[in-house]
Amino acid sequence: MKHRGEALPEYAELHALSNFSFLRGASHPAELVTQAATLGYRALALTDECSVAGLVRAHVAAKEAGLPLIAGSEIRLVDDTRLVLLARNRRGYGSLCALITRGRRAAEKGDYRLTRDDLGNGVPECLALWLPGAYPAHATGTWLREVFGERVRLATELLLTGQDRRYLTTLQRIGVELDMPLVASGDVHMHVPERRRLQDTLTAIRLRRPLAEIRGALFPNAERHLRTRARLARIYPPELLRETCVIAGQCHFSPDELRYEYPEEVVPAGRQAAAHLRALVYEGAGRRWPGGIKDSVKAQIEKELALIGELHYEHYFLTVHDIVRFARSREILCQGRGSAANSAVCFCLGITELDPASSNLLFERFISRERDEPPDIDVDFEHERREEVIQYLYRKYGRERAALAATLITYRPRSAVRDVGKALGLNQLQVDRLAGAFQWWDDSEANAARIREAGLDPDSPVIRRLMELVNTLLGFPRHLSQHVGGFVLSRGPLCEMVPVENAAMPERTVIQWDKDDLDAIGLLKVDVLALGMLSALRRTLTLVNRLRHTSWTLADVPQEDPDVYRMIRRADTIGVFQIESRAQMSMLPRLQPRCFYDLVIEVAIVRPGPIQGDMVHPYLARRSGREPVTYPSPEVKQVLERTLGVPIFQEQVMQLAMVAAGFTPGEADQLRRAMAAWRRKGGLEPFERRLTEGMRERGYSDEFAQQIFRQIQGFGEYGFPESHSASFALLAYVSAWFKCHEPAAFTCALLNSQPMGFYAPAQLVADARRHGVEVQPVDVNASDWECTLDARENETQPAIRFGLLMIKGVSETTGRRIVTARRSGAFESIADLTQRAALDRAALQVLAASGALSGLAGHRRRAQWAALGMEAPLPLGAMPVPEALPLLATPGEGDDIVADYASVGVTLGRHPLALLRTRLAAQRVRSAETLATLRNGMPVRVAGLVTHRQRPGSAKGVTFVTLEDETGQVNVVVWPALAERQRNVLLRSRLLGVTGTVQHEDGVLHVVAGKLTDHDHLLGRLQHHSRDFR
Amino acid sequence: MALPSSLPKPRPLAGLRLVAPCAAEQESATEPQRLWCALHFPHLVLAACADTKDIPQAVIETDGTHAQLVACNAAAQRAGVQPGMRVAAALALIPELAIHTRDMAREAHLLDQLAAWSEKFTPTVCVSSPDMLLLEVAGSAHLFGGAQGLQQRAREGLQALGHATCVALAPTPVAAEWFARSGRETVVMHAAQLPAALGALPLAALSWPAVWCARFEQLGLRTVRDLFRLPRDGLARRFGPELLRTWDRVLGNLPDPRKPRQAPLRFSARQELPAETADTAQMLPYISCLFEALCAGLRRHDATTGNVVLGFRHLKRAETQLPLGLLAPTRDPARWRQLAQQALQKRVLPEAVTELTLTSGAFLRHAPPPADLFERAGRSGEDLAALMDKLRARLGRRAIARLRVLADHRPEFAWQGSSRAQRSTPIMTAPRPLWLLEQAQCVRVHAQQLRLQGKTLTLLDGPERIESGWWDERDLARDYYTARSTDGRRLWLYRERGAGRWFVHGLFA
């Protein structure tokens, strides 16, 4: 029997869960919306359980599909009363958010707790649907009727249980008794019935048991999908369907109504925001250019202020300024980055140090008027002190008005394989193996070979099912986590705009929306991020100022110093921000940076985006003059001139789309978003067509269009904006300056800021010593808690004295207690130390192992013996038992090296390889420093401690290994075939030997491996760890 | 450096009473010299669960979240896998690695078998650690060609059984263990030679607490000699008295008594019949006697047992055996007798019987059910178990099953026959028919009417849609209805979704 179109009843689904009801809903919000629109529903309510986390995504899709969306939420009270709340208007949405916040804040992360008392206020302006369950409790209905009055309906969910007719009769009777109208709803968990398998699987994952064990807990059928109106007409009485539309008609709220209301306190009372901002900017300009402001700069400032005024962004800049001002007042180093950060306004406000007057950067992307996109400023703070800034924000705005944005943790191949595998009943080992098959190939699909290698049959039904389910599950939200530092601040209570819930960290709260959601509805956030290099630079400044009796800030570092660029061109950049990694280092001699803008390019070019988009080689060829620099048109020249005709920055791609293919700014922005997501979701094809056609119309060759599109694809989510690059390049330059001119202070600061950066302390110290910096070991009678500098006579560079923080296992309180105790005089013996610093035996042992007691007790083993014999804390005045000296063998050089590595992570003795050099030389193994003398293609043997293993996604399976010997580092390239053949040696060796050939290219030296040899037996008990695959 | 005479003698500390050294010396002078043979099985963990194939194999131990390798075979070691590794790391090296979970019970069982085998050398066999046996062989070594002869016999014998073993002999148990664990097949006959022989052993090879090992390492102590030449009082302060006690035990200065292994308890008895008979009824009083004796023995050891074998000896034939088993172990002679009686009712003995035997299974610890303060009349659980035992004894083991309701939406998987009582909660559904057909019957559709065996069916209620079971290859998608046929029977029908065919699946009462 078929219904004709006009006979179909109108229907609005009022109870639908998306996959933001984690591990319950089996469809994305957008899928529900699109399907509801396809089925001709009047409206759809997204009612995720105690959450509106999926609302923005649904809203975006609903706008596109032209479907009215209702904001709501399903709630289960602690007494098991269940209901759905729907927001009638902005106020209703506010009270719903407040209720969700209340429930979430009252429970652990990921959970919520609500009682009847919490609904005491009747949740103003919300409608309620009572979900009565199989056995409706009359009393509950009466209570709901009292609380909600006319605003409650009895949700009637007929899901083909075989009891539907009887159930409907029961509900109708109750409805009459309570005077509560019935309304149809569908308890929707998926947009189409085909998601049943996934929904069952999610249930199993939620219950943490295999499907076979929880069969009864599954839904008996797939009825919880968006049913066709024809089906609904057969199941429900017409008045129940009609009622859905009546309710939908009463709900008007749209997330578009949420306008950001900035905090007021950033503007002094009685002052206009615009005037205040202008005053601050010119005050700052006066500081920046004491000699007077150039006209061009002044024009720039005026242009920016006008734009800010037009878009009403004054409060935003004032808010960021306030945060930065606070940090400055506490001497916390910080730097802004992001498109808006590179403005003259930000420079004047002290948010960034990039002088717009002296750099050739273009700032047109500062804020886009056409796109009406909120400005973007991220502020990096010293990583150890960011918490102070966060606490300041909480203090200033209160918990009600400040919260972190969420980060949506979604299913990745490995986690999906793991969870689905367990649900399908694979045992732990099979799951581990299968997940292991995805180890390095996270972004590619596991192919049959990988599965076979994991010992499973790719054609078996279980594995086929698994792969199919995993494919659908990928990208499903798993839980909300906290964003690294995106703060949302508001004028009124935040919880009436978006629910706030507890984060895993104590004292932290997050909102239910992530960065993209905030973006999509134009809410502003301030990114308060942590950067280790800023901690290191602050320490460097302090050390240098004390040493040279100066009072420098970052702004005082001399610009464009040729010595610094010479050092950078030699790739002598261990410890320098951003350009220290192996990939960066191998690019430096090719790129030959000579000025600041070269560093901006350097930072952006060694990224997966430009590498995969094949932009690196054309750029290098053009820069070195091997290839002519040409532009297909003057417009393109304008966009690409500063990068020699090769697009390197994200902004350039967007500008190209505009000038060469006629994209509007809005379309270009959509392209940017699509670029970020295509690897996960696809969806670039429409842009490809639009781009090629647009370019053809404007007379560009198809070849050029294709090339641009390929580059866009390659960019993907890794595209790096020029504005970020510029801010990073500044820190790279400053850190390089210090490395070049103040290596001791710089290394000392890096050691005190660990863990950070690409290299471990051992490499940093070895590098400093190669540059002639003297380093002294830990000593309880000389070391402070942090590493310190000791001025040396007749030397410009001071010596570094290791601090007690270098010793593994010494807590900061213990370390500082020792330093404090020493103020009253040097320690005379271990007993003296134990007593005055109130040390326990464990602390003594750790100190003994590090060699810090050598001055008091002789060699490490004697110190250890003495430490073990100490029964601490000694009662005052008690005499230690006199003991004879034990017969302990003096440790050999090798023993000391081993102990140094184990306790301090660095040895000041010879490098372990130095001890083995004669033996290695007998096997014709060369040292790192002699490699430079070899010609390209010559066979060679090298060996060294493995310090890094890397397999970048952009390198097509190539593994890069860094070896270290007593003379320096060797970069080894291992092709996939060899890696596969000698996987064991490659992954396990600590001391690796490589037989291969030398490869010289543009001053970069690699050894291409032909054979790997494990030399671990030569190392004995040396503890040394490589930093792998980070 | 050699130790023998320079070793400091243990001194009694003030205020502490220790075994006087002179007393120990006297003891060793008067007591017969002992000789301990240690058998170390380094591959026992592997032997307990892996097979002998030369494919990479490893044994793991898990704490619920992390799995760690505790042993692996030579093929795995060749590829770089080592004990102590994480499983993920091992799999990264050998994706096809065969992995077994450690089976401590089986190890203990294997070691017990090896202990039983070793009893041919001496009655004093001690299980000293999960992979070590200690044999006291001072009195018996001469029977096997002296210490060396015994060592060789043990090694070869165990090799023939497929066990790699290290065999060492020494006058003290700890010394023998140390040699064996270090992989040295040393034979030391006199305590005076021990210090020199032990001195070279690497400390790392012996089983010390992990904390001590770390300290040895930090102090640069590599061998037993390094340790022994440190001052005793200094060591005591740093390692506690236990280290000194071990020191004294290994050198024989402190007694080190070991408890020999004992075979598990079983009951075994015979009862001669006054006259040869094939009439089981006449045997019953004697059978009763045997059970009384069994249960008295069980009570004495506070034990109970769940199975026995009743034997009937004939003059000319091999013994007829009647195994009896209970679901709930008991030491109530009446229960056993009853059981035997029922089992004998169906049984015809092949020949007249002269003697009865009764052998029990292993003794189990007696765990009485928690006593109820207000004991209710008719302990239904126990009565049911007794009834089931009775029925089983009469009808055979597999004839009796309980019906168990399973939580599954698919009707044919919602119940199961099971031998044991298990709790399960059925899911709430629409009413189910009392009788489910083993095979659903096709219902014909004729002129838009459902017809079964010539009767027209009228749908009463439904549909109940069931879509479930995709994960185990028996996915079904059906709409169930109740129906009445013209003869008044109520039926349970379903229609296959997709194909649209109708079936009758059950009958209501």
Side-chain angles (χ1 to χ4, degrees), chain A residues 134 159-166 193 196-197 200-201 210-212 214-223 423-425 428-429 432-433 436-437 439 453-455 461 465 845 848-849 860-861 864-865 868-869 871 881 883-884 886-891 895 899 983-985 987-988 1014 1021, chain B residues 60 62 67 79-81 87-89 91-99 101 215 217-222 226 229-231 233-235 237-239 406-410 413-414 424-431 461-473 475 477 479-482:
Chain A
L159 299 162
L160 299 196
T161 57
Q163 303 272 62
D164 287 355
R165 208 179 304 167
R166 209 162 310 151
R196 170 170 63 102
R197 295 178 171 209
D200 287 347
T201 308
L211 277 157
I214 54 137
R215 292 171 286 175
L218 303 174
F219 291 130
N221 56 37
E223 281 305 282
L424 289 179
Q428 187 63 45
L429 283 173
D432 284 346
R433 283 185 180 186
Q439 202 163 13
E453 192 177 282
R465 265 199 298 270
Q845 278 186 260
R860 272 196 180 87
R861 290 174 182 170
Q864 197 60 252
W865 179 260
L868 281 170
E871 282 154 56
V881 188
E883 279 189 329
L887 285 166
L888 290 168
T890 310
D895 291 318
R983 175 147 74 167
N984 178 13
V985 181
L987 293 184
R988 304 261 316 146
D1014 184 349
R1021 293 158 298 133
Chain B
I60 58 163
T62 61
V81 171
V87 171
L91 285 175
L93 293 175
I94 317 178
E96 66 282 2
L97 182 68
I99 290 176
T101 306
R215 287 184 193 170
E217 178 72 35
Q218 285 164 340
L219 294 170
L221 309 177
R222 303 269 152 77
D226 292 344
R229 69 179 178 187
L230 291 173
D233 54 346
L235 277 179
R237 195 164 298 123
R238 286 159 181 86
F239 290 86
L406 297 180
D408 195 316
H409 295 288
R410 297 167 295 179
F413 298 104
S424 62
T425 352
I427 28 181
M428 305 305 290
T429 58
D461 209 353
E464 176 184 358
R465 180 164 295 177
I466 295 179
E467 295 163 301
S468 201
W470 55 273
W471 57 87
D472 61 8
E473 306 297 315
D475 197 12
D479 283 344
Y480 277 89
Y481 296 84
T482 51

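All values below come from the heavy atoms of this structure, side chains included, with hydrogens, waters and symmetry mates left out. The chains referred to below are lettered A, B, ... by the order of the sequence lines, with proteins before strands, and numbering in each begins at 1.
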_Minimum heavy-atom distance between A:W865 and B:L219, given as atom pair plus value_ = N-CD2, 3.4 Å

*Least distance between heavy atoms, B:W471 atom then B:R410 atom*: CZ2-NH2, 4.1 Å

*So does B:D226 pair up with A:R861, basic N to acidic O under 4.0 Å?*
no

Chain B interface, residue from [options] that has the most non-hydrogen pairs under 4.5 Å:
options                         : value
A:R465, A:R166, A:R860, A:Q845  : A:R465
A:L218, A:D1014, A:L159, A:T890 : A:L218
A:R197, A:E223, A:Q163, A:R165  : A:R197

*When you check the side-chain N and O atoms of A:D200 and B:W470, is any donor under 3.5 Å from an acceptor?*
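Judged by distance alone, the side chains do pair up.
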
*Could you pull out all residues at least two apart from B:D479 that satisfy salt bridge (charged side-chain N to carboxylate O under 4.0 Å, His left out)?*
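Partners of B:D479 under the salt bridge (charged side-chain N to carboxylate O under 4.0 Å, His left out) test: B:R465.
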
*Measure the shortest side-chain to side-chain distance between B:L230 and A:L888 over non-hydrogen atoms and say whether it is less than 4.5 angstrom.*
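Result yes, sub-4.5 Å side-chain heavy-atom pair found.
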
For chain A, which of [options] has the most heavy-atom pairs under 4.5 Å?
options                : answer
B:G220, B:S468, B:A477 : B:G220
B:G469, B:P431, B:P463 : B:P463
B:L97, B:I60, B:L221   : B:L97

*Does any heavy atom of chain B fall under 4.5 Å from the side chain of A:P220, the backbone, both, or neither of them?*
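For A:P220, backbone and side chain are both near chain B.
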
